[in-house]
Structures are given as C-alpha cells and as structure tokens.
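Positions are given from 1 along the sequence. Values below: all heavy atoms of this structure, side chains included; hydrogens, waters and symmetry mates excluded.
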Amino acid sequence: MDEIQVPTYFLCPISLEIMKDPVILSTGITYDRICIEKWILSRKNNTCPVTKQLLTDIELTPNHTLRRLIQAWCTLNASYGIQRIPTPRLPVSTSQISKLLKDAKSPKLQIRCLKRLKSIASENETNKRFMEAAGASHFLASVIIKANRSAADEVLEEEFELTKPEDEALSILYQLQLSETSLKFLIGQNGEFIESMIRFMKSENYESRTYAVLLLKAIFSVVDQVEMITFRGELLKELVHVLKDEISPKASKAALQLLINLCPVGRNRIKASEAGAVQVIVDFLLSHPTDRRFSEMALTVLDLLCQCAEGRSELLKHGAGLSVVSKRILRVSRFASDRGVRIIHSIAKFSGSSSSVLQEMLQLGVVSNLCLVLQMDCGSKTKEKATEILKMHSRAWKNSPCLSIAFTSSYPA
C-alpha cells in the first residue's frame with residue numbers, strides 16, 4: 001500500500017483503515033461498521049466521533065455506493081497485493097427476529113427457531129444488538145426457567161429431545177453478551193434464573209455447565225453487594241464442584257471470579273469453606289504451578305476465606321496448605337506475594353501460641369520466605385504485613401536453628 005495513494009474517503013475516520021462495510025450514521029458521516037459498533041456499544045459512547053453530535057438514533061445505513069467504489073478500487077489495484085473486500089451480509093432486521101421469537105413459542109418449532117437465532121447471533125455484533133432489542137433475552141430466560149420448573153417431573157425429563165431447548169437458549173444468552181439492563185432483568189426473576197443456572201451446573205453437559213458459570217459471572221458483575229448475601233449455599237457448593245472437575249479453563253477462571261465477588265460477604269465465606277472450597281483451591285494451585293493468572297485468583301479467594309475461622313481451619317487441615325501458599329510468595333508476581341503474605345498473616349494472627357502451627361511454618365520455610373520478603377523488592381504493605389507476622393511470633397522463631405544466620409541477623413527487632 002506504500003506505492004499507491006489510498007483515497008481518504010475510503011478510510012474509516014476511527015481506525016484510518018480501508019472500510020470493509022461502510023455505513024452511514026444519522027449525522028451523515030460514514031464509518032466502517034465494526035469500528036462504529038465498537039465505539040457505540042463497547043465503549044458506551046453516545047456521540048458521533050467526528051461531529052461530536054449526540055446520537056438520538058443509532059441505526060446504521062449501509063453505504064452501498066461507497067462500498068462498490070472501494071471494491072472497484074481494490075480490483076484495479078490487485079497487482080499491488082490488495083484483495084477485493086467481499087460484499088458484506090446485511091444484518092438481520094428486528095422484525096425478522098421478532099417473528100422467529102414468536103414462532104419459537106410453538107413446541108414443534110422451538111428447536112429449529114433457537115438454532116436459527118444462534119446462527120444469527122454468531123454473525124455479527126449488530127445482530128446481537130437487534131436480538132436484545134427485540135426481547136430475545138426475556139424469551140430465552142423464560143425457556144430456561146420453564147425447563148427448570150419442569151425438571152422435577154422425571155417422566156417429562158426422559159421425554160426431552162437430545163438437543164434440549166434450554167441448552168440452546170443458554171448458549172445463545174451467553175453469546176449475546178448482554179447489556180447491564182438485561183443482566184439485571186435476569187437476576188430479578190425472583191431468583192428463578194439463578195436457580196436454573198445452579199441446575200445447569202449440576203448437569204453432565206460440560207458445555208452447558210461452562211455457559212452457566214460464564215453467564216453467572218456476567219450477572220454478578222452488576223449485582224449490588226447487599227444482594228450477595230441472599231444467595232443460597234448451593235450456588236457456592238456448585239462453584240466448588242466446577243473448580244474440582246476442571247471442565248474448562250474459562251469455567252475455572254469464571255468460578256474463581258465468582259468466589260472473589262461473593263466471598264467478601266462473611267456469611268458466604270463460611271458457606272464456601274464448608275463446601276470444601278479451601279481444599280479444592282489448594283489442590284488447584286498444586287496442579288497449576290506455573291499459571292500466573294490462576295495463581296493470583298486462587299490466592300485472592302484463599303485470602304478471603306482465611307478471614308473466617310472455618311477457612312483457616314480448612315487450610316491447616318490440608319497437608320500442603322501452608323506450603324503451597326508459601327511457595328507462591330516471590331515466585332509468581334508482586335500481587336501473588338501480597339496475597340500469600342496476607343493469608344499467612346491471617347493464620348499467624350489467629351493461631352495464637354499453637355506450637356504445632358508455628359513449628360510447621362518454620363519447617364516448611366514459611367518464616368524464611370517472610371524474612372526474604374523484607375529483603376526483596378515487594379510492596380510496602382506486603383513488607384509491613386511480613387514484619388508484623390515475624391514480630392508476632394519472634395520468641396518462637398527468631399533463635400530457631402531452622403533459620404539461617406542470614407535470616408536471623410536481619411530478623412526485625
């Protein structure tokens with residue numbers, strides 16, 4: 001492209017690249033469809049990037065004339081290695097989606113219509129926006145909730161097709177990447193939608209379990225902290241099962257994020273600890289020794305759980321609990337080191353003068369790592385925590401033969 005001059009009106013004002021699907025905004029400015037959709041939807045902007053005018057209408061009109069000019073120019077300059085842009089498929093209309101949703105209410109047509117909706121959603125972001133505007137999220141949620149209500153009837157469960165409507169509806173809901181308004185609608189269904197997600201998490205279908213956890217992650221990102229208290233312990237229990245089964249990396253990360261969102265609430269920490277979260281997370285850390293993101297998230301959950309007596313007790317019960325936390329200090333990231341020291345601080349603070357716990361910390365190298373934290377480039381708060389722990393039990397640790405001379409000489413007074 002360096003050898004030829006690209007007409008400026010072929011370039012998108014946002015990306016400054018040749019437009020593949022030029023569309024006209026209500027302000028009269030032409031943009032590439034993908035760029036302007038990202039500007040409006042992802043960045044939540046409500047103004048025209050060029051004119052700065054407020055957008056009262058976000059309908060995008062295809063600029064067929066400009067698109068044909070660009071295609072002709074690409075063909076003329078094919079010798080320069082420029083490929084002709086394909087003619088884009090037009091987005092589906094809201095009326096077409098409304099008809100599909102209406103037809104999907106018929107049991108005989110439901111699966112076929114749901115598959116068509118899934119295909120439409122996979123084509124482009126505009127289709128997803130039109131589907132949400134047409135009420136697709138409300139309809140799909142109703143399919144899922146209705147199936148959950150019927151799940152108690154074992155005969156009906158056996159008569160379901162191999163491809164279940166609720167499985168299709170769940171995958172489409174996740175694919176839509178719903179707005180905050182739609183996510184809040186889902187959680188406002190008297191808890192029935194959350195109950196449906198718990199049921200999916202219990203199923204043998206790993207794909208549906210993954211979609212359920214990922215959708216819950218999106219929902220809980222818009223939930224108020226007060227609402228976190230109301231959720232039953234069964235949700236926490238199933239999140240632990242998802243982690244234990246390791247059904248997919250995405251599901252594991254989503255489950256950890258949900259625990260991070262839920263466990264600042266004291267009651268939820270106790271429920272999660274009683275559900276075996278500490279044991280599973282320690283095992284998880286043992287099986288993922290080199291994954292930085294997993295380690296940081298898992299240590300964050302452990303830090304929250306160790307703020308309750310039940311969590312601390314479960315960590316000490318696990319044979320590798322203290323060891324796996326200590327080994328993440330100074331070996332993963334500054335964030336992981338901070339969370340590791342915080343966990344050790346919780347254990348040290350509430351273990352009192354328990355000689356067995358204090359001796360275990362010495363033998364496992366926990367105390368040596370804390371001394372090393374004071375000598376390394378860690379955050380000031382991390383060093384303060386480490387110093388506090390070492391001072392807290394200096395009588396038991398300072399003159400121990402388990403510590404090398406290098407550590408005893410630098411031990412805080």
Side-chain angles (χ1 to χ4, degrees), residues 1-100 112-134 136 168 171-179 207 211 214 248-250:
M1 279 193 197
D2 295 335
E3 294 86 353
I4 58 172
Q5 186 68 36
V6 181
T8 54
Y9 56 92
F10 286 0
L11 304 177
C12 175
I14 298 175
S15 66
L16 299 180
E17 295 179 353
I18 295 177
M19 290 183 277
K20 297 178 180 178
D21 186 5
V23 291
I24 306 171
L25 208 55
S26 58
T27 57
I29 307 297
T30 297
Y31 299 92
D32 189 56
R33 185 185 293 278
I34 292 177
C35 291
I36 194 61
E37 283 181 348
K38 282 183 179 178
W39 171 269
I40 295 170
L41 302 176
S42 303
R43 301 180 188 176
K44 297 181 173 61
N45 290 304
N46 61 352
T47 57
C48 173
V50 172
T51 66
K52 308 302 179 186
Q53 288 177 259
L54 190 67
L55 297 174
T56 55
D57 178 16
I58 58 171
E59 195 69 28
L60 305 176
T61 306
N63 191 333
H64 296 298
T65 303
L66 180 57
R67 189 250 307 157
R68 291 190 188 102
L69 283 172
I70 295 172
Q71 287 177 325
W73 179 85
C74 290
T75 302
L76 287 171
N77 292 280
S79 59
Y80 291 97
I82 297 174
Q83 295 183 348
R84 182 181 183 275
I85 61 168
T87 301
R89 292 181 63 179
L90 289 175
V92 70
S93 66
T94 306
S95 59
Q96 288 174 292
I97 294 169
S98 297
K99 185 179 185 306
L100 270 173
R112 189 176 72 185
C113 291
L114 287 171
K115 286 184 180 294
R116 176 62 185 140
L117 287 169
K118 188 175 183 179
S119 175
I120 290 170
S122 66
E123 288 176 5
N124 53 57
E125 294 299 317
T126 304
N127 286 356
K128 293 176 185 178
R129 178 166 58 84
F130 284 163
M131 286 177 67
E132 188 172 356
E168 289 291 337
S171 67
I172 299 168
L173 265 181
Y174 169 69
Q175 197 174 347
L176 287 179
Q177 299 174 336
L178 299 173
S179 64
E207 188 177 66
Y211 285 139
L214 292 171
S248 74
K250 276 188 175 181

Minimum-distance pair of heavy atoms, taken over all atoms of Y31 and C48: OH-SG, 2.9 Å
Whether N63 side chain and I24 backbone form a donor-acceptor pair below 3.5 Å: no
Separation between CD1 of I172 and CG of L114, rounded to the nearest 0.5 Å: 5.0 Å
Stepwise side-chain contact (heavy atoms from CB on, under 4.5 Å) check, Q96 with I120: CA-CA 11 Å; Q96 288 174 292; I120 290 170; over 6 Å; no
Test side-chain contact (heavy atoms from CB on, under 4.5 Å) applied to T30 and Y9, step by step: CA-CA 9 Å; T30 297; Y9 56 92; over 6 Å; no
Residue K99 excluded, over 12 heavy atoms near NZ under 6.0 Å: no
Distance, nearest 0.5 Å, that separates OG1 of T8 from CG of L16: 10.5 Å
side-chain contact (heavy atoms from CB on, under 4.5 Å) between I14 and D32, worked out: CA-CA 8 Å; I14 298 175; D32 189 56; over 6 Å; no
Non-hydrogen atoms of I97 and L117 that approach each other most closely: CG2-CD2, 4.3 Å
Distance in Å, F130 CZ paired with S95 OG, rounded so as to fall on 0.5 Å steps: 10.0 Å
Gap between atom CD of Q175 and atom NZ of K128 - 0.5 Å precision: 5.5 Å
Side-chain donor/acceptor of Q53 to backbone N/O of T27, under 3.5 Å: no
From CA spacing to verdict: side-chain contact (heavy atoms from CB on, under 4.5 Å), I85, R67: CA-CA 9 Å; I85 61 168; R67 189 250 307 157; 4.3 Å; yes
Smallest separation among heavy atoms of S119 and S122, with atom names: O-OG, 2.7 Å
For the student: nearest non-hydrogen atoms of M131 and A121, plus distance: SD-CB, 3.7 Å
Donor on one side chain, acceptor on other, E207 and S171, under 3.5 Å: no
Heavy atoms from other residues, nucleotides or ligands near CG of L60 exceed 12 (cutoff 6.0 Å): yes
Parallel, tilted or perpendicular: ring planes of W73 versus F10, cut at 30 and 60 degrees: perpendicular
Approximate separation, where rounding is to 0.5 Å, of L214 CG and L173 CG: 12.5 Å
V23 to R33 - nearest heavy-atom pair and separation: CG1-NH2, 3.3 Å
Separation between OG1 of T47 and CG of L25, rounded to the nearest 0.5 Å: 9.5 Å
Distance-minimising heavy-atom pair for I18 and L11: N-CD2, 3.7 Å
